[in-house]
Amino acid sequence: MISFLICYGTGEGQTEKVAERIIKVIRERSHEATAVNTDEIPSDLDVKQFDAVLVGASIHAGKHQSVVREFVKTNRDALAKKPTAFFQVSLSSATEEGRTQAAGYVEEFIEDTGWHPDRIGLFGGALRYSEYGFLKRLMMKQIAKRTMPDVDTSRDAEFTDWDEVEAFAADVAAFVEGRLGIDPSDSNGQEEVE
Ligand SMILES: Cc1cc2nc3c(=O)[nH]c(=O)nc-3n(C[C@H](O)[C@H](O)[C@H](O)COP(=O)(O)O)c2cc1C
């Protein structure tokens, strides 16, 4: 059994939902997964105690959560010694035209933090107008109308492709199993760890 740490930043909860889906896939492979929201990092969290680490962040106004950046910078040396993956949630990944921009956010993150994850997943996010305050709702509806003219802005919209998220999680898990020399069949049938 492999122990995974999944550390993520989230503004309105979509990256948390993605993290939860990744964790489900990892646990279905009978591995152990610990989720940590970067807004509530336990003071005794020790990255070195985990076999593999996934870091997730979303994009707001062209930036990832600064706490996620700080987490990665603080733990860069420990991360470099382990199998790792990064996943990003943004509106840019929801459209063909936005993909280059989404990749640019990751490049900038890697350059800034100096961390080179083994796997990278880029996922479309969500627009939950019903949960935004007045100004944010107005601004996001304008951006959506401009960048996604076919999308109905009178209701909340989710652009995350959950099959892609699950495929990413399975790929990361398989990569880590290979790196650590763990035969997935060894872990099948074990009890699921909460
Ligand atoms: C105020 C605001 C600003 C945003 N800015 C960007 C942006 O610059 N680029 C982008 O691709 N997506 C942008 N988004 C879309 C978010 O990345 C998307 O809503 C995502 O699902 C947020 O994930 P979270 O709920 O985990 O924070 C923005 C969303 C909001 C609400």
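Quick caveat: nothing in here was measured; it's all calculated off a predicted structure. Because only heavy atoms are used, hydrogens play no part in the values below, and waters and symmetry mates are left out as well, while side chains stay in. In this chain, numbering begins with 1 at the start of the sequence shown.
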For the hydrophobic clusters of this structure (ILVMFWY residues joined by side-chain heavy atoms under 4.5 Å, transitively), does one cluster hold both [X] and [Y]?
| X | Y | value |
| --- | --- | --- |
| Leu5 | Val18 | no |
| Ile2 | Val55 | no |
| Trp115 | Leu45 | yes |
| Ile22 | Phe175 | yes |
| Leu138 | Ile143 | no |

Practice problem: Take Phe159 and Phe123 through the test ring-ring contact (aromatic ring centres under 6.0 Å, His included) and record every step on the way to the result. | Solution: CA-CA 8 Å; Phe159 307 100; Phe123 306 116; over 10 Å; no
Quiz item: Do we get Lys82 above Phe50's six-membered ring, with its NZ or CZ under 6.0 Å from the centre and within 45° of the axis?
Solution: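 Here Lys82 fails the 6.0 Å and 45° test against Phe50.
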Self-check item: For Thr160, the option from Lys17, Gln14, Arg21 that meets side-chain hydrogen bond (donor to acceptor under 3.5 Å, both in side chains)
Solution: Gln14
Of the non-hydrogen atoms in [X] and [Y], which two are nearest, and what is the gap between them?
| X | Y | result |
| --- | --- | --- |
| Ser130 | Asp156 | OG-OD2, 2.5 Å |
| Leu79 | Val47 | CD2-CG1, 4.1 Å |
| Met148 | Ala94 | SD-CB, 4.5 Å |
| Ala157 | Val151 | CB-CG1, 4.4 Å |
| Pro117 | Thr84 | CA-OG1, 3.4 Å |
| Pro42 | Val36 | CD-CG1, 3.9 Å |

Quiz item: Does Phe109 have any ring pair (Phe, Tyr, Trp, His ring centres under 6.0 Å) partners at least two apart in sequence or in another chain, and if so, which?
Solution: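 Phe109 satisfies ring pair (Phe, Tyr, Trp, His ring centres under 6.0 Å) with His64, Phe86 once adjacent residues are dropped.
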Self-check item: All ring pair (Phe, Tyr, Trp, His ring centres under 6.0 Å) counterparts of Phe71, not counting sequence neighbours
Solution: none
Self-check item: Worked check of salt bridge (charged side-chain N to carboxylate O under 4.0 Å, His left out) between Glu20 and Lys24
Solution: CA-CA 6 Å; Glu20 282 164 2; Lys24 183 171 170 280; over 6 Å; no
Test your reading of the model: is there a side-chain donor-acceptor pair from [X] to the backbone of [Y], 3.5 Å cut-off?
| X | Y | value |
| --- | --- | --- |
| His31 | Met1 | no |
| Asp118 | Ala85 | no |
| Asp161 | Glu164 | yes |
| Tyr132 | Arg128 | yes |

Is there a side-chain contact between [X] and [Y], using heavy atoms and a 4.5 Å cut-off?
| X | Y | result |
| --- | --- | --- |
| Leu122 | Ile120 | yes |
| Arg137 | Gln142 | no |
| Asp51 | Phe4 | no |

Self-check item: Lys73 atom NZ, neighbour heavy-atom count above 12 within 6.0 Å
Solution: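 More than 12 heavy atoms, drawn from other residues, nucleotides or ligands, come within 6.0 Å of this atom.
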Quiz item: Does any donor atom in the side chain of Gln65 or Ser58 lie under 3.5 Å from an acceptor atom in the other side chain?
Solution: yes
Self-check item: Check: Tyr8/Glu16 side-chain N/O donor and acceptor closer than 3.5 Å
Solution: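 There is such a pair (donor and acceptor under 3.5 Å, judged by atom type) between the side chains of Tyr8 and Glu16.
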Looking at [atom1] of [X] and [atom2] of [Y], how far apart are the two atoms once the value is rounded to the nearest 0.5 Å?
| X | Y | atom1 | atom2 | result |
| --- | --- | --- | --- | --- |
| Ile182 | Arg29 | CD1 | CZ | 12.0 Å |
| Arg76 | Lys81 | CZ | NZ | 12.0 Å |
| Ile6 | Thr15 | CD1 | OG1 | 14.0 Å |

Practice problem: List the steps and the verdict of salt bridge (charged side-chain N to carboxylate O under 4.0 Å, His left out) for Arg27 and Glu32. | Solution: CA-CA 6 Å; Arg27 287 185 178 158; Glu32 198 179 283; over 6 Å; no
